[in-house]
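To start, the structure under review is shown below, and the notes come after it.
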Amino acid sequence: MVQAYILIQTEVGKAAAVAREISGITGVTQAEDVTGPYDVIVRAEARNVDELGKLVVAQIQAVEGITRTLTCPIVHI
């Protein structure tokens with residue numbers, strides 16, 4: 001299982017709607033609108049890195065109002 005945080009920038013005033021829509025996507029375990037340089041932070045999981053990439057590109061980035069994403073895989077050192 002691969003887990004990651006996805007940091008999202010949205011259009012002005014769209015953070016809450018983006019977080020709500022993303023929270024319903026399979027593989028997303030948490031989606032919160034926040035303040036700071038990013039507007040939404042998502043925690044997601046997938047079976048492998050390829051599946052995680054598909055989740056981000058095909059589903060999360062397709063949500064209207066998103067302008068940029070940064071995916072940060074979780075590592076256990």
Side-chain angles (χ1 to χ4, degrees):
M1 184 71 58
V2 176
Q3 297 178 325
Y5 287 101
I6 303 152
L7 311 177
I8 299 172
Q9 292 177 334
T10 69
E11 296 171 3
V12 174
K14 300 280 186 168
V18 166
R20 256 192 319 275
E21 187 169 344
I22 289 174
S23 68
I25 295 173
T26 301
V28 170
T29 58
Q30 191 171 11
E32 301 284 344
D33 45 321
V34 297
T35 61
Y38 294 95
D39 303 304
V40 177
I41 297 179
V42 172
R43 185 165 177 154
E45 60 185 19
R47 287 182 292 177
N48 55 51
V49 173
D50 290 336
E51 291 294 319
L52 179 64
K54 290 176 188 174
L55 171 66
V56 173
V57 173
Q59 295 183 54
I60 292 175
Q61 288 181 351
V63 172
E64 187 175 337
I66 291 177
T67 58
R68 183 177 302 225
T69 65
L70 175 65
T71 302
C72 304
I74 296 171
V75 296
H76 299 283
I77 299 174

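All values below were derived from every heavy atom in this structure, side-chain atoms included, with hydrogens, water molecules and symmetry-related copies excluded.
When hydrophobic clusters are built by joining Ile, Leu, Val, Met, Phe, Trp and Tyr residues whose side-chain heavy atoms come closer than 4.5 Å, directly or via intermediates, Val2 is grouped together with Val28. A chain of hydrophobic side-chain contacts below 4.5 Å, direct or via other Ile, Leu, Val, Met, Phe, Trp or Tyr residues, connects Leu70 to Ile74. Hydrophobic clustering (ILVMFWY, side-chain heavy atoms < 4.5 Å, transitive): Ile25 and Ile6 are in one cluster.
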Under 3.5 Å, side-chain donor or acceptor atoms of residues 53-69 against the rest of the protein: list the pairs with distances, not counting sequence neighbours.
residue	atom	partner	partner atom	Å
Gln61	NE2	Thr69	OG1	2.8
Thr67	OG1	Gln9	O	3.1

Please list, one pair per line, the donor and acceptor atoms closer than 3.5 Å that link side chains of residues 32-42 to other protein atoms, with sequence neighbours excluded.
residue	atom	partner	partner atom	Å
Glu32	OE2	Gln30	NE2	3.4
Asp39	OD2	Thr10	N	2.8
Asp39	OD2	Thr10	OG1	3.4

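Residues Ala4 and Pro73 come closest through the heavy atom pair CB-CA, 3.7 Å. Residues Ala31 and Ala19 come closest through the heavy atom pair CB-O, 3.6 Å.
Summarising the hydrophobic clusters (Ile, Leu, Val, Met, Phe, Trp, Tyr; side-chain heavy atoms under 4.5 Å, direct or chained), the residues clustered with Val75 are Ile77. Hydrophobic cluster of Val12: no remaining members, since no ILVMFWY side chain lies below 4.5 Å from it.
Every pair tested for salt bridge (charged side-chain N to carboxylate O under 4.0 Å, His left out) that includes a residue from residues 12-26 fails, sequence neighbours excluded, so the list is empty.
Scanning for side-chain contact (heavy atoms from CB on, under 4.5 Å) contacts around Thr29 gives Arg43, Glu45, with sequence neighbours left out. Listed by chain and number, the residues in a side-chain contact (heavy atoms from CB on, under 4.5 Å) with Asn48 are Asp50, Glu51 (sequence neighbours excluded).
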